[in-house]
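Below is one structure; the comments refer to it alone.
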Amino acid sequence: MEYGYPKGHVFYRKLARNYPLVTHGDGIYLYDETGKRYIDGSGGALVTNIGHGHKEILQRMTEQMGLAGYVHGTQFTTKSLEAYAEALGEILPEGLGKIYFLSGGSESIEAAIKLARQYCLESGQSQRWRVVARWHSYHGNTLGALSLTGRIGMRRPYLPLLIDFPHFPPPYCYRCPFNLVHPGCELECAKALENVIQMEGPETISGVILEPIIGATVGAVVPPDGYLPLIKEICRRYGILLIDDEVMTGMGRTGTWFAVEHWDVVPDVMVLGKGMSGGLFPLAAMVARNDIVETLKERRGGFVHGHTFSHHPVACAVGLSVMEYIKKNNLVERSRERGIYLMKRLGELKAFPFVGDVRGKGLMTAIEFVRDQDSKEPFPRAAKFTEKIIDLAFENGLVLYPGTGFVDGVNGDMAMVGPPFIIEEQQIDEIIDILKKTFSQITKK
Ligand SMILES: Cc1ncc(COP(=O)(O)O)c(C=O)c1O
């Protein structure tokens, strides 16, 4: 049977494709109703951190459902909520100790924007409300989060609805926005933040938000050393909160629990999502510095915010079980080690003339495609190069995560590879074999 628009009643994410129906998953593999096997090579959108088919997590989840499947976050707490918060508290950076559980990344970004605003208000800085974000970023699709998101194609249809948040250029060394080369650049891209703050008026800025390693918009772009510490220092100098969006990078994806740890930077607010539950339940969180929450308590009695599904007991039971599984199996270390192997093997793909860059950290990696390796000229968007690669890889049994339009708002092609942390070396070899096969087929076409 075929699934896809216009058949049936589902409002599909993509209206121009047919969907295979997945019947089940096991480890890093997914199976459709015809029995075809797919490697979940990007873990959806870098979500399924522990892979598929975990019976013990199912058991923990249903146990909690049987005990107390739902309570309202203003009325009760639960054992699963308390236990998960304790466990997360142990791994969070020093000083970040208060966790507000939510059900999606965008929702948690909204909470972070509001927390920054309310904190400024309560600490006598009522003019501060704007959050500075970066171009080439992704922070979500709800209107507040989209106002921060620096992804032109997603913003354009909704521009009249967006909030006026300033943006500054990303640390995208492969195509440096300042045409400089690190370390000679002296981190011009970080200094650009100070420039934007000054031009916009520091007294109007509540926070600066960034993905420590850029995710789905450009694909696993790791900033040069020194970049994040300098951003933190600029924020400190102007009394601005640093909001660390770890929705994609957090919970072990890059080989440390949180990506900021690679540079010993401690943010003021952190946002988590995706891998928290390994995708097994809608779960995300906004984490705040203890004293920020204390200020809210002292001045207004609390955070003026709330959602029906926040602090969800079943979500927390799943989150805790996933985290325990990660700890028990040393999966953060595994993500680091397998990531080194994956990067090494992805490097071989540079032999294909359209592979411009291979980059990433841990099991968050990406391949950027170019028309010309030397000039880095992108393919024209009309060529739909990424779509062709993604579709062909899919046919060959490998799921990748696409990204387009990041070079100039229209052109730019990349695919992300971000498999579950449980992946074995020989399964990475399988991914590379399929990529090589796919790239050879594209070359022939
Ligand atoms: C860095 C980052 N922030 C925020 C979001 C938004 O999360 P969600 O899709 O759960 O709303 C995403 C999702 O891809 C993301 O990668």
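Each ligand, and each atom within it, is numbered from 1 in the order the structure gives. Side chains included, hydrogens not; waters and symmetry mates left out as well; all remaining heavy atoms used.
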Below 4.0 Å, non-hydrogen atoms only: which portion of Glu211 touches ligand 1? Side chain, backbone, both or neither.
side chain
State whether Arg381 and Asp413 are salt-bridged, where the test is any N-O pair (Lys NZ or Arg NE/NH1/NH2 against Asp/Glu carboxylate O) under 4.0 Å.
yes
Considering only NZ, NE, NH1 and NH2 on the basic side and carboxylate oxygens on the acidic side, decide whether Arg334 and Glu424 come within less than 4.0 Å.
yes
Tell me which protein heavy atom sits closest to [atom], plus the residue, atom name and distance to 0.1 Å.
| atom | answer |
| --- | --- |
| atom 10 (O) of ligand 1 | Gly105 N, 2.8 Å |
| atom 11 (O) of ligand 1 | Ser106 OG, 2.5 Å |
| atom 3 (N) of ligand 1 | Asp245 OD2, 2.7 Å |

Atom of Pro212, atom of Thr249 and distance for their closest heavy-atom approach:
CG-OG1, 3.7 Å
Determine all donor-acceptor pairs shorter than 3.5 Å in which one atom belongs to a side chain in residues 141-154; sequence neighbours excluded.
residue, atom, partner, partner atom, Å
Asn141, ND2, Tyr138, OH, 3.1
Thr142, OG1, Glu110, OE2, 2.5
Ser147, OG, Leu143, O, 2.6
Ser147, OG, Ile163, N, 2.9
Thr149, OG1, His139, N, 2.8
Thr149, OG1, Gly140, N, 3.3
Thr149, OG1, Gly140, O, 3.1
Thr149, OG1, Ala145, O, 3.1

Side chain or backbone, does Lys274 bring an N or O within less than 3.5 Å of an N or O on ligand 1?
yes
Using distance alone, decide if ligand 1 has a nitrogen or oxygen within less than 3.5 Å of any nitrogen or oxygen in Ile109.
no
Can you check whether Leu392 reaches Ile442 side chain to side chain, under 4.5 Å on heavy atoms?
yes
